[in-house]
Amino acid sequence: MALELLPTGVSVIAGGMDGVLRAYDDSRGASLFPKQYSFYYEAALTIAGGALAFVGSESELTHPFLYGGTWRIGSRLGYWLGTPGGPHFGL
Amino acid sequence: MALSLLPTGISVLAGGVDGLLRQNDANNGRTMIHQQYSTYYEGGLLVLGGVMGMFDVHPDLFEPFLYGGGFGIASKGGQWAMEQASPKATTTTTTGTGTGAAATGGGRGPGGGSALGNPGINYGAYRDEPAGVL
């Protein structure tokens, strides 16, 4: 039972850290893509998930990284596409 | 091969829709978590993933909803927690005739426009920004 909840816990903790980083980005006035630490964190999570899948780790452990990080990157792409007056990654 | 990429595709598409909703939130001044349509979208996806997980659905199809929605909600929760842990500040609008940077900059001077005089992190200041918010 505890092990079944591990992937969800990983996703929640990783997402919580993302939120803290995003708040820190806001506090620094880093609203654009190149300056945001949270963007690189999300990209690193996606890469970590992909790397874990390559080395044959259990999918339950790789998916929170892969889908969570991929989710946020996709979200930034959607924001970029929907930004009026010129696309940017200021999410 | 194509099927193996399906979960990632689902995640990217669902995240893209979330980004569009966030842009819409920002454009309409919905800066608070409970006001944002994107919060309810992420929560809805999370519930949808959980419901799908209770039935005979292949995990590859519902896990992107579950982890994607969970990641988004947890992200907002983390940002909310950091806001709660920090001193609240109120953005002020200075309309005086002084020559200081704060007076000419609409209350966004070196003090960060904080009514509490917090010279450091000012979480009140970004709330009226059109973009770059939660």
Side-chain angles (χ1 to χ4, degrees), chain A residues 4 7-33 35-36 38 41-42 45-46 49-50 53 59-85 87-91, chain B residues 4 7-27 33 38 42 45-46 49-50 53 59-60 63-86 112 120-123 125-127 129-134:
Chain A
E4 286 176 6
T8 303
V10 168
S11 182
V12 168
I13 291 172
M17 289 180 63
D18 184 60
V20 170
L21 268 182
R22 286 157 62 84
Y24 182 60
D25 284 340
D26 283 339
S27 73
R28 295 186 304 118
S31 60
L32 296 178
F33 148 68
K35 301 175 184 175
Q36 291 174 314
S38 56
Y41 170 73
E42 291 158 12
L45 281 185
T46 306
S59 62
E60 287 80 3
L61 290 180
T62 62
H63 284 180
F65 295 105
L66 200 57
Y67 298 149
T70 308
W71 174 277
R72 296 299 315 157
I73 295 290
S75 177
R76 286 170 194 261
L77 282 172
Y79 191 94
W80 176 70
L81 289 171
T83 301
H88 63 75
F89 281 90
L91 188 60
Chain B
S4 65
T8 302
I10 290 172
S11 187
V12 169
L13 283 177
V17 172
D18 184 58
L20 292 174
L21 271 180
R22 283 171 175 263
Q23 175 63 57
N24 185 261
D25 287 337
N27 287 346
I33 290 170
S38 57
E42 290 165 10
L45 286 182
L46 186 62
D60 284 354
E63 285 182 355
F65 295 102
L66 202 58
Y67 296 144
F71 195 91
I73 290 291
S75 174
K76 292 192 181 225
Q79 185 146 5
W80 177 84
M82 191 160 176
E83 287 178 8
Q84 299 303 308
S86 302
I121 297 173
N122 184 356
Y123 291 99
Y126 73 81
R127 289 200 181 282
E129 295 288 347
V133 294
L134 184 62

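What you see is a predicted model, and the numbers here were worked out from it, not measured in a lab. Below, each value reflects all heavy atoms present in this structure, side chains not excepted, and no hydrogens, waters or symmetry copies. To find a chain, count down the sequence lines: A is the first, B the second, and so on, and within it residues start at 1.
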With a 4.5 angstrom heavy-atom cut-off, which part of A:Thr8 approaches chain B: side chain, backbone, both or neither?
-> both
Shortest non-hydrogen separation from B:Asp18 to B:Ser38 and the atoms involved = OD1-CB, 3.6 Å
Do A:Tyr41 and A:Asp25 pass the side chain to side chain contact (heavy atoms under 4.5 Å, CB included) test, and can you show the C-alpha distance, the side-chain angles, and the key distance before you say yes or no?
-> CA-CA 12 Å; A:Tyr41 170 73; A:Asp25 284 340; over 6 Å; no
Heavy-atom distances under 4.5 Å only: say whether B:Leu46 touches chain A with side chain, backbone, both or neither.
-> neither
What option among B:Pro64, B:Ala14, B:Gly70 has the most heavy-atom pairs under 4.5 Å with chain A?
-> B:Pro64
Can you measure from CG (A:Asp18) to CZ (B:Phe71) and round to the nearest 0.5 angstrom?
-> 4.5 Å
Looking at A:Gly15, A:Gly69, A:Gly16, A:Gly74, which makes the most heavy-atom pairs under 4.5 Å with chain B?
-> A:Gly15
Has the side chain of A:Thr46 got a donor or acceptor atom that lies under 3.5 Å from a matching backbone atom of A:Thr70?
-> yes
Interface check, chain A: of B:Asp60, B:Val12, B:Leu13, most non-hydrogen pairs under 4.5 Å belong to B:Val12
Please round to the nearest 0.5 Å and tell me the distance separating atom CH2 of B:Trp80 and atom CD of B:Gln84.
-> 4.5 Å
Most heavy-atom pairs under 4.5 angstrom with chain A, which of B:Asn24, B:Leu20, B:Ile10, B:Val17?
-> B:Leu20
